[in-house]
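The sequence lines fix the lettering, A, B, ..., with proteins before strands; numbering per chain opens at 1.
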Amino acid sequence: MANILHPRAGCALHGALATLEAIEGVVPIVHANAGCAIQHALANRDCGGYVGGLATPASNIVDKQVIFGGGSRLREQIKNTVKVIDGQLYVALGSCECAMVGDDLGGMAREAAEQGLPVVASNVAGFHGDVYCGHERVWRDLIDALPDVTLAAPSHAEADARPAVNLFGLFPGGNPYYKGDLEELRRIVEGIGARANVFYGPGGAAALQALPRAALNVVFSRWGEAAAARLEEKYGTPQLVFDAAPLGLEEVALFAQALVEKLDLDAAAAERFVEREEALAEYFLLGAADRYFDEAVGKSAALVGDSETVLRIGGFLARAFGVDIRAAVLTDRAADAEEMPLPALPWPTRATADAGEIDAILRESGVELIFASSLEAPVARDLGAVFLPVSHPVLDRAITIDTYVGARGALRLTRDFLTAARQIARVGEARLLAAIRV
Amino acid sequence: MSDNVNRISFHARPAGGGKPVAAGGAASAPPGTHIAIYGKGGIGKSTTTSNISAALAEAGYKVIQIGCDPKSDSTNTLRGNHYLPTILDSVRGGNKVHLADISATGFKGILCIESGGPVPGVGCAGRGINAAVTLLRELRLFEEFKPDYVLYDVLGDVVCGGFAVPIRDGITDRAYVVTSSDFMAIYAANNLFKAINKYAPTGGAKLGGVIGNGLSAVYSNAIIDDFADRTGTCVAGYVPRSLVVSQSELYGKTVIEANPKSEHADIYRALARHIADNDDLVIPQPLGTNDLRDWARDWGDRVFNLDNLETGAPAARVAA
């Protein structure tokens, strides 16, 4: 029931939409009832990139198309979309309705492709599963279609001699900071002498086209593994699979070392980069040590979010600040925990997306800090805990290039953590003063 | 796990270290020649398909037969009528579906699979066929089994988009239609031609030919020949009505297995050889509804005359 009241994310179609919207130059075309696309837009106020959100091309099928088939309506929608929206790749997304009546989405895409239009089809009926399922499916279909579909503009990065690295596993519909996170990863990858092929960012469609020619696929979560496996099967591209994106200098150094080994990069140059990062972090953190010892020792926290976020942020908090993590809730693993074992974490861990269960877990944890989504803000307020928005959806904070990844993400998280500790200390002081007055 | 994959954990390792199943889908063409066999209900699709499968297996090929009919009795005669859980039975159970649970090895190593369907009167059988066929691809059946031939025995009245799934999405590249010389069977074949005509231009299957089945009258072959001619198709073979077929079926076996030396076994062997070798695929030109009626009426007249000639007795002519 609680999950019905506060759905955390949408269906497979919405997962595919969130993925495609994040790729600049890619235009989703939703073949569905009126309502499927707008639900996604209303539930994700910050969604929409190059195309998407409230301006999503959609066939808005009605009874007539359900009875007689909606192929020709989709054909018309593809034709019209291409006329009015300048895209490098168009992706026709299927829905429950069109899957039920058996519309030939692939046929329509092939027909458009034969006319020289870069159109790909992806059957992501909502009933196939949640947003993560849609994310995996749309990537599968993009990878399968790519060599045969010529995108409308060439990649600019092709002349670059550095080995290219595809970055998978940060899902735009699950990680609200993906833009900043990927920019930080790009900075690190380039700092150690390779080139990051970032799909969710400027020039995304060009990155997509360059995808088969990458020297390595780096995966940061379970949700990038199928894509990387597919690419290995198809192009033999090796993989480097992490359980989360690196956060903090220790992990950045490990990440750099792994990349250097796998790509045979200049180890000394990579080391110099990591040393520079360390020096910079030290410079910024020197003044923070006193504050930490005064106010932030021995804090307790709970985390709610997709497993990558929880592992990354929880791991850093525990290691860097000795935070006592009393509850970790993995919101992306409730549906597939049977198929793929949950990561064995050193904290009390639960896989659920149910708002009621999460509410109960947080109430029971009695923590001072809650790193979660905006859906948990009210319970945090109730409990008098400090709330920090780290997972989807984030409604309390506008997000631009903010990141909780890499070296800069560690500095930002340190700032957030110490600020939160100060808030807690203030509340403590106020309580003490009030008690003395009495 | 591939040697090409390095796994590094910043935090902890999954207890089982499991690798996610690479999602399936319309990737490069799976191994084997994939053939869909359609036909009106009760016309002998399953009997014909099973005998073709048996003949191909007997000739040394690796064969998979997939029944795409909610009745789920396509492969019965290949595996001695034993119970085989259908794909959709397993899906309904809600657990992860494994290939071993939904397949059985039948005559000469033929892998038998039944898609199954919902309880009659509820749910959506077309969607069921679609889901079952997709699941087989996701389970990487064809990559694992490496068949030479895969035969899909499909409910012939193409009633909705779901039943057309085997002839689109690049699942099969050729279809055959089983028909008798009865008008309703030919009507169903013509409907299938409409579906092929619609999907073939965008990568769907083309038609390999028409299989005449259960032919008993002297004019039966001529009717089928004429229909093939009018629709720009050809006839792959003629299977006359025979007690041998019925008897083998009652024994729960194919003719190839029960009566291997019979004339009918040779007919099926020839048909299988033709299907195995034939690469002459066409996009049929179905007759329009009125054209089909006129054509049938025309044959009505000819059959009347034939009957008169044979029996010498005047038959009642249907008023025009």
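Among the candidates A:Ala258, A:Pro246, A:Gly106, A:Ala99, the residue making the largest number of heavy-atom pairs closer than 4.5 Å to chain B is A:Pro246. Of the residues considered (A:Glu250, A:Arg312, A:Met108), A:Arg312 shows the highest number of contacts with chain B, using heavy-atom pairs under 4.5 Å.
For A:Phe127, the part sitting under 4.5 Å from any heavy atom of chain B is the side chain, from C-beta outward, and nothing else. At a 4.5 Å heavy-atom cutoff, the contact between A:Ala245 and chain B is made by backbone atoms alone. At a 4.5 Å heavy-atom cutoff, the contact between A:Glu114 and chain B is made by side-chain atoms alone. Heavy atoms closer than 4.5 Å to chain B are found in the backbone of A:Asp103, but not in its side chain. With a 4.5 Å cut-off on non-hydrogen atoms, A:Lys262 touches chain B through its side chain but not through its backbone.
Judged purely by atom type and a 3.5 angstrom limit, A:Arg110 uses its side chain to pair as donor or acceptor with the backbone of B:Thr202. Between the side chain of A:Asp243 and the backbone N or O of B:His11 there is at least one donor-acceptor pair closer than 3.5 Å.
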Steps toward side-chain contact (heavy atoms from CB on, under 4.5 Å) verdict (B:Asn6, A:Gln239): CA-CA 6 Å; B:Asn6 287 42; A:Gln239 304 174 41; over 6 Å; no
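Shortest non-hydrogen contact noted between B:Asn4 and A:Gly236 is ND2-O, 3.3 Å. When all heavy atoms of B:Val5 and A:Val241 are compared, the pair lying nearest together is CG1-CG2, 3.6 Å.
Using a 4.0 Å cut-off between charged nitrogen and carboxylate oxygen, A:Arg137 and B:Glu138 count as a salt-bridge pair.
To the nearest 0.5 Å, atom CD of residue A:Glu233 and atom CZ of residue B:Arg140 are 4.5 Å apart. Atoms CZ and CG, on B:Arg7 and A:Leu240 in that order, are 10.5 Å from each other to the nearest 0.5 Å. Atoms CZ and CZ, on A:Phe220 and B:Phe10 in that order, are 7.5 Å from each other to the nearest 0.5 Å. Taken to the nearest 0.5 Å, the CD1 atom of B:Ile8 stands 7.0 Å off from the CG atom of A:Leu254.
Other residues, nucleotides and ligands place more than 12 heavy atoms under 6.0 Å from the CZ atom of B:Phe145.
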